[in-house]
Amino acid sequence: MVLSTPALYVNGVVNLERENSSTVSQKNRRRTGNSNGNNSKNSGAKSPDTVMVNVNHGSQRGQKPHSAVAQKRSRGQKSTREVNQRTSAQKQKQSPQSAAPLLKAVKQPRKNVRQNDKKTVKIVFLGGVGEIGKNMTAIECGDDIIIIDAGAIFPTEETPGFDLIVPDITYLIENRKKIRGLLLTHGHEDHIGGVPYLLKELKVPVIGTRLTLALVDNKLREHRINDAKEITVEPGQIIQLGCFKVRAVNVNHSIAGSLAFAVQTPQGVIFHSGDYKIDLTPVAGEPIDLKTISDFGASGVLLYMGESTNIERAGFTMSETVVGTTLDRLFGENLKRRLIVATFASNVHRLQQIIDLAVKYKRKVALSGRSMLNVVEAAEKIGEINIPDGAIVDVSKIRNMRDSEIVVVSTGSQGEPMSALSRMSNGDNQFVTVGDNDTVIISASPIPGNEKLVYRVINNLYKLGAEVVYESLQNIHVSGHACREEHKIMHHLLKPKFFIPVHGEYRHLKKHAQLAEELGMQSGRIIIPDIGNCVLLTAHGMKLGESVPSGSRLIDGEGIEDEKASTVIEDRRQLSEEGLFIVSITVSGGVVLGEPAINSRGFVFDFHRDYDREIRSVINRAIDGYDLSLGTVDELKRTIKRSLANYLYKKTKQSPMIVPVVVEL
């Protein structure tokens, strides 16, 4: 359930303002049917491609409302995003508008120059630099801040037992009154995974395409966030966020609804690429909007912030249509066998190709995995995926179907331990038992760090008798990220004055910076950022400013830990590496009763030798040497812990966690 922002409709311009700034009386409020198209056509105002969304703290000055709408989304009501969906359908019937008039409009000076026009632009990096994932960047000027993406990453061996890792947003919380909106480039976890945690502390509008916001909605429902303000944008639209004008630009990626953002600041244009590749033959949707990108370059780009994930790969990234051709051949070669295809749930275009092939080869599709079900449901609801009637069957019913009649589409392409494919490979999936008449197609490449998990699943599938097809054997996966030649094209089109590489580990950022230098940019116009860096940008220069509070927040169920200040993470590392000793004693009237009870877990120790007797002796000496009547129980615990730790390290060269427990009677 999402609460859409009150909207003032003025001369074809949708101005979304805070609820307390609406000047419209309740009796004049009505629901808008087509807030982008019909009225603008009648009034001669801007076309749907130039819809302006104004998100400010105060009411808009100098304009009187033509009509108004204040909607609360509930069952049976349309949200602002749903209204925009109808507008998008009408836009597709119209010929695309050149970006040139928009660029010209953006560059026009205003008569009343605001104070912000004199301010330096700050770019604050809170995630996604020096690492893969957890993307978050803030752009600040005067009293206005916009946020681009709020991603997450999954825990590593260094963060055992946690569910998720998101950026530290201390800086944003300290400047909450300045924040005008959260812009989402697309719906992958490394760009939207942190949205619920950000919205629990900051009430800001969330802006993205239909599919991106549909995936965000799934997360918000899980977190019981029902008052989020969402604004749907389409490529070509301009959003007014404080002193920033942001144009959404269509790009290709491995998920539908991906955007780059061109941010007009008082100092000049900042172009943020998002994740992209140049695919001139996409499976669905339009190719990347190179015309608009080129127009921005011709008009002048002050700063380019370009993603760097595949910068080490030469050449071009293959088109998604290549995967469709390979899948078609594999379907044809396995007519008598059951097919199981594991892929990223978010890759809607690939899911569409699999469904189309299933229909072509007269197979039913069974979806396995919660995220797969959620994404397909969300994509179908907004029209991003087309599923013919009767094409989907419940996975619980496939036991009664012939192998040649079914294709199972599953999560788990990264070998995640609890995913549907991993459970199949371990023989404990409730509905799918893998056998020698199965062909398993893993339509994904391992994300760096997941290789062992993926190959463990492949080995287990082979042991169960299945045939396994994966990337090193077939063209069964293509990346969604640009390779070096595509990066060169982007740099040549944008012709930026300054450059900051983003979205990658340090080696990726360094390689991208070197590429920019090879293309003629001076090294002094390039900054390789780190998390917490604040870059100061003007029309004439760029330099590092004072760093801001930053880092990671560790999510464990409902709990959140600051990684830098966390004692939990250190305790878990010690437990996983060294084991645990628990020493229990009973105290009554300042006297220790009986012998200490000693328990250990995860500690390699030969208790058949004299160690058990020696440990008790060490503990008893520590107790005897401490006068409890003059001290405290906490001091006694520290004495026991220190004595036992010294003994264990001297004997075993190990430092287990030691937990003294004192029971007072």
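Count residues from 1 along the sequence.
- Neither side chain, Thr411 nor Ser371, offers a donor N or O lying under 3.5 Å from an acceptor on the other.
- Not counting sequence neighbours, Ser368 has no partner by the side chain to side chain donor-acceptor pair (under 3.5 Å) test.
- The shortest non-hydrogen separation linking Ser479 to Lys277 is O-NZ, 3.0 Å.
- Counting heavy atoms from C-beta outward, Met136 and Leu198 have side chains that approach closer than 4.5 Å.
- Side-chain N/O atoms of Thr326 and Asn475 include no donor and acceptor closer than 3.5 Å.
- Tyr197 has its side chain within reach of Leu164: a pair of non-hydrogen atoms, C-beta onward, lies under 4.5 Å apart.
- More than 12 heavy atoms of other residues, nucleotides or ligands lie within 6.0 Å of CZ in Phe316, so this atom counts as buried by the packing criterion.
- Taking CG of Leu357 as the reference point, atom CD of Gln353 lies at 7.0 Å (rounded to 0.5 Å).
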Item to check | side-chain contact (heavy atoms from CB on, under 4.5 Å) evaluation trace for Leu184 with Val195 | outcome: CA-CA 9 Å; Leu184 300 177; Val195 171; 4.1 Å; yes
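- Nearest heavy-atom pair, Ala366 versus Ile398, reported as atom, atom and distance to 0.1 Å: CB-CG2, 3.8 Å.
- Leu199 is not listed as a side-chain neighbour of His223, based on a closest heavy-atom distance of 4.5 Å or more.
- No side-chain N or O of His188 forms a donor-acceptor pair with one of Asp275 less than 3.5 Å apart.
- The two atoms that bring Asn252 and Asp279 nearest to each other are OD1-O, 2.9 Å, heavy atoms only.
- Here the side chains of Leu126 and Ile147 are not in contact, with every heavy-atom distance at 4.5 Å or above.
- Proximity of a side-chain donor or acceptor of Arg363 to a complementary backbone N or O of Val407 within less than 3.5 Å is not detected.
- When all heavy atoms of Ser413 and Thr343 are compared, the pair lying nearest together is OG-C, 3.8 Å.
- To the nearest 0.5 angstrom, Leu182 atom CG is 14.0 Å from Lys229 atom NZ.
- Residues in residues 333-349 take part in these salt bridge (charged side-chain N to carboxylate O under 4.0 Å, His left out) pairs, two or more places apart or across chains: Arg329-Glu333, Arg338-Asp438.
- Considering all non-hydrogen atoms of both residues, Gly187 and Thr212 come closest at N-OG1, 3.6 Å.
- With rounding to the nearest 0.5 angstrom, the CD atom of Glu230 is 7.0 Å from the OG1 atom of Thr232.
- Relative ring orientation between His191 and His186 is described as tilted, the plane-to-plane angle lying within the 30° to 60° band.
- In this structure, the side chains of Asp289 and Pro235 stay at 4.5 Å or more apart for every pair of heavy atoms.
- Crowding of Arg484 atom CZ: a count of heavy atoms from other residues, nucleotides or ligands under 6.0 Å exceeding 12.
- The structure places CZ of Phe154 at 10.0 Å from CD of Gln414, a figure rounded to the nearest 0.5 Å.
- For Glu307 (side chain) and Thr309 (main-chain N/O), a donor-acceptor pair under 3.5 Å exists by modelled atom type.
- In summary, the side chains of His503 and His481 do not present any donor paired with an acceptor at a separation below 3.5 Å, with no hydrogens or angles considered.
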Kindly list each side-chain donor-acceptor pair under 3.5 angstrom involving residues 383-397, sequence neighbours excluded, with atom names and distances?
| unit_1 | atom_1 | unit_2 | atom_2 | d |
| --- | --- | --- | --- | --- |
| Asp394 | OD1 | Ser396 | N | 2.8 |
| Asp394 | OD1 | Ser396 | OG | 2.5 |

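- Distance CD/Gln237 to CD1/Ile207: 11.0 Å, rounded to 0.5 Å.
- In terms of heavy atoms, Ile165 sits closest to Ser552 at CG2-CB, 3.6 Å.
- Shown here are the side chain to side chain contact (heavy atoms under 4.5 Å, CB included) partners of Asn459, two or more places apart in sequence or in another chain: there are none.
- A distance of 12.5 Å separates OG1 of Thr321 from CG of Asp328, quoted to the nearest 0.5 Å.
- With sequence neighbours left out, Arg399 forms a salt bridge (Lys or Arg N to Asp or Glu O under 4.0 Å) with no residue at all.
- For the pair Ile476/Leu327, a side-chain contact is recorded, criterion being any heavy-atom separation below 4.5 Å from C-beta on.
- You'll find the side chain of Glu312 reaches within 4.5 Å of the side chain of His508, heavy atoms only.
- Under 3.5 Å, the side chains of His253 and Ser258 contain no donor-acceptor pair of N or O atoms.
- A donor and an acceptor atom, one from each side chain of Ser254 and Asn347, are nowhere located under 3.5 Å apart.
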Checklist entry - Hey, mind stepping through Phe431 and Met424 against side-chain contact (heavy atoms from CB on, under 4.5 Å) and telling me if it holds? => result CA-CA 9 Å; Phe431 303 114; Met424 292 179 204; over 6 Å; no
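- Distance alone, capped at 3.5 Å, places no donor-acceptor pair between the Thr185 side chain and the Gly274 backbone.
- Within a 6.0 Å radius of CD in Glu451, more than 12 heavy atoms belonging to other residues, nucleotides or ligands are found.
- Side-chain contact check for Glu222 and Asn218: no donor-acceptor pair (N or O, by modelled atom type) lies under 3.5 Å.
- Val251 places none of its side-chain heavy atoms less than 4.5 Å from the side chain of Ser273.
- Salt-bridge annotation for Lys219 and Glu189: present, with a side-chain N of the basic residue lying under 4.0 Å from a carboxylate O of the acidic one.
- Residue pairs that meet the salt bridge (charged side-chain N to carboxylate O under 4.0 Å, His left out) test with at least one member in residues 344-354, sequence neighbours left out, are Glu320-Arg350.
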Next on the checklist: Using the rule given for side-chain contact (heavy atoms from CB on, under 4.5 Å), can you reason through Phe261 versus Met305, listing the C-alpha separation, both sets of side-chain angles and the distance that settles it, and then say yes or no?
Outcome noted: CA-CA 10 Å; Phe261 290 117; Met305 298 167 63; over 6 Å; no
Item to check | Worked verdict on Leu509 versus His512 for side-chain contact (heavy atoms from CB on, under 4.5 Å) | outcome: CA-CA 5 Å; Leu509 307 185; His512 203 171; 5.8 Å; no
